[in-house]
S.K.: 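What follows is a structure written as structure tokens; I'll ask about it next.
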Amino acid sequence: MNNENPAELEGFARLGISGALLKAATNAGFTDPKPIQAQSIPAQLEGRDILGVAQTGSGKTAAFALPILSKIIALGTRRRPKTARALILVPTRELAVQIEETFRLLSKGAHISTALVLGGVSRFSQVKKLAPGVDVLIATPGRLTDLVREGDVILSETTWLVLDEADRMLDMGFINDVRRLAKATHPARQTALFSATMPPEIEQLAQGLLRNPARVEVAPQGTTAAEIHQSVVMARTRQKRQVLSTMLADPGMRSVIVFARTKHGADRVTRDLERDGFEAAVIHGNKSQNARQKALNGFRDGSVRILVATDIAARGIDVPGISHVVNFDLPDEAESYVHRIGRTGRNGADGVAITLCDPAEASKLRAVERIIRMRLPVARDHTGEPDPRPEPRVRDMAALKPDNDQGGRGEGRAQRPDQRRRDGGKPGQGKPFPGKPGEHKAGERKPFRAKRRRFGGKRPAAKAA
Ligand code: AMP
């Protein structure tokens, strides 16, 4: 413990972090707390629940990891089999892996055990790791629901719960799993909910799960970081391949993430880029965990300059130094735009976000502009130079007929939320609690009442908001 006068302390020590954690944070290069950390760590150390409006890149992982670790260390080492002291629920496997890395980094020398429970990889090793009980469990809701149902994980002793990227878990259809898992944890738990956006469903979820939370917000909802230069390039769908390849010929586009709306679309963009002589990696929900991690590692270490991704696969990925985000398609959900472009412009570095827009995507573009509360300038290309064509937006969007092949050429229809794959992984993953393993078809849901019974015994009373 630190006996110094708090007024004389600096950095994380001033926020109440001490001992091995403080040392690990300093060794990791975390000396000055980020705003989300300064705002939320003291409140969590006091035992408050947190409602955080923050994106990946804000430093939110350490904002919840440090206070949780601090409390777990204070408890000593006693753990019960199959239990987890802290549970971090996240929408994607990549984010889970990243969060575990941060927990490990920050708890170096503190004898903290962590475990991952993720869809798409063997459950055997996960169950084995959980058998003696762990301090911190990081999980995607689908697979964890399976393991709880099968009795491989017991959450009743979980006293710290974090819901990370709650809005994305909602988008991915995890919300009922999240509610059930939260209710299976200890009734007197401490909870933190982080979300990049606050749609009414998330406000409602927060009201049900959080007790008198401290609200922390690092970027106003729906706005994007100032250091990202955004523009839209008008291009018909069939021209987009060429527009993209022409842009990428500029070596100034150092590290580029290209977003496609669908998995097929992502594969097609990657194939076309390779045919045009570029080396590109791709991540989406049909790729194995290994393939996704390999693609990410190559992108992260700079050996691959271009990463093509779908929204869900890219969610939460923190790769520093991404110079450009290219939206090959407009996203189906306008809020995804904010998440997409948030991959660049990190840590004060300049970032560029370019959106290729076919006239048929005009309504999606308008929806994005409503969310970000600004009109995107129409540029000629990735340099941001204005489009020299007279009234390009009016001409291209109103006067020109959309491409006939918009949405065609194997791109597939937009997925309805109930068709989206959970965990971004294989069909059949993430079954609800009830029933025996393998009893359900992919996507089939049982009535909620039945699920409750399966959980066994009396459920802890929901906390008052
Ligand atoms: P996150 O939003 O948690 O994904 O964090 C974004 C990035 O910021 C990660 O690469 C962290 O390692 C880094 N980071 C978080 N907190 C700090 C800090 N206080 N000082 C320096 N880097 C940090």
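First listed ligand is number 1; within each ligand, the first listed atom is number 1.
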S.K.: Go through ligand 1 atom by atom and flag the ones less than 4.0 Å from a non-hydrogen atom of Gly29.
M.R.: 20 (N), 21 (C)
S.K.: Which of the atoms of ligand 1 are close to Asp32, meaning less than 4.0 Å from one of its heavy atoms?
M.R.: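 Answer, ordered by atom number: 18 (C), 19 (N), 20 (N).
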S.K.: Hey, is CD on Glu274 packed in by over 12 heavy atoms from elsewhere, all under 6.0 Å?
M.R.: yes
S.K.: Just which atoms of ligand 1 are under 4.0 Å from any heavy atom in Thr61?
M.R.: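 By the 4.0 Å cutoff, the relevant atoms are 1 (P), 3 (O), 4 (O).
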S.K.: If we ignore hydrogens and angles and just use 3.5 Å, is the side chain of Asp250 paired with the main-chain N or O of Gly252 as donor and acceptor?
M.R.: yes
S.K.: For residues Arg168 and Ser336, is any side-chain donor paired with an opposing acceptor at under 3.5 Å?
M.R.: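 There is such a pair (donor and acceptor under 3.5 Å, judged by atom type) between the side chains of Arg168 and Ser336.
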S.K.: Please work out which of Gln37, Lys60, Gln98 has its closest non-hydrogen atom nearest to atom 16 (N) of ligand 1.
M.R.: Gln37
S.K.: Measure Phe64 to ligand 1 on non-hydrogen atoms and call it side chain, backbone, both or neither using the 4.0 Å cut-off.
M.R.: neither
S.K.: Does Arg343 use its side chain to pair, donor to acceptor, with the backbone of His339 at less than 3.5 Å?
M.R.: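 Yes.
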S.K.: Tell me whether Ser303 contacts the main-chain N or O of Phe299 through its side chain, where contact means a donor paired with an acceptor under 3.5 Å.
M.R.: no
S.K.: Is the closest side-chain donor-acceptor distance between Glu369 and Tyr337 under 3.5 Å?
M.R.: no
S.K.: What atoms in ligand 1 come closer than 4.0 Å to a heavy atom of Phe12?
M.R.: 19 (N)
S.K.: Find all atoms of ligand 1 within a distance of less than 4.0 Å from any non-hydrogen atom belonging to Gly59, and give their numbers and elements.
M.R.: 1 (P), 2 (O), 3 (O), 5 (O), 15 (C)
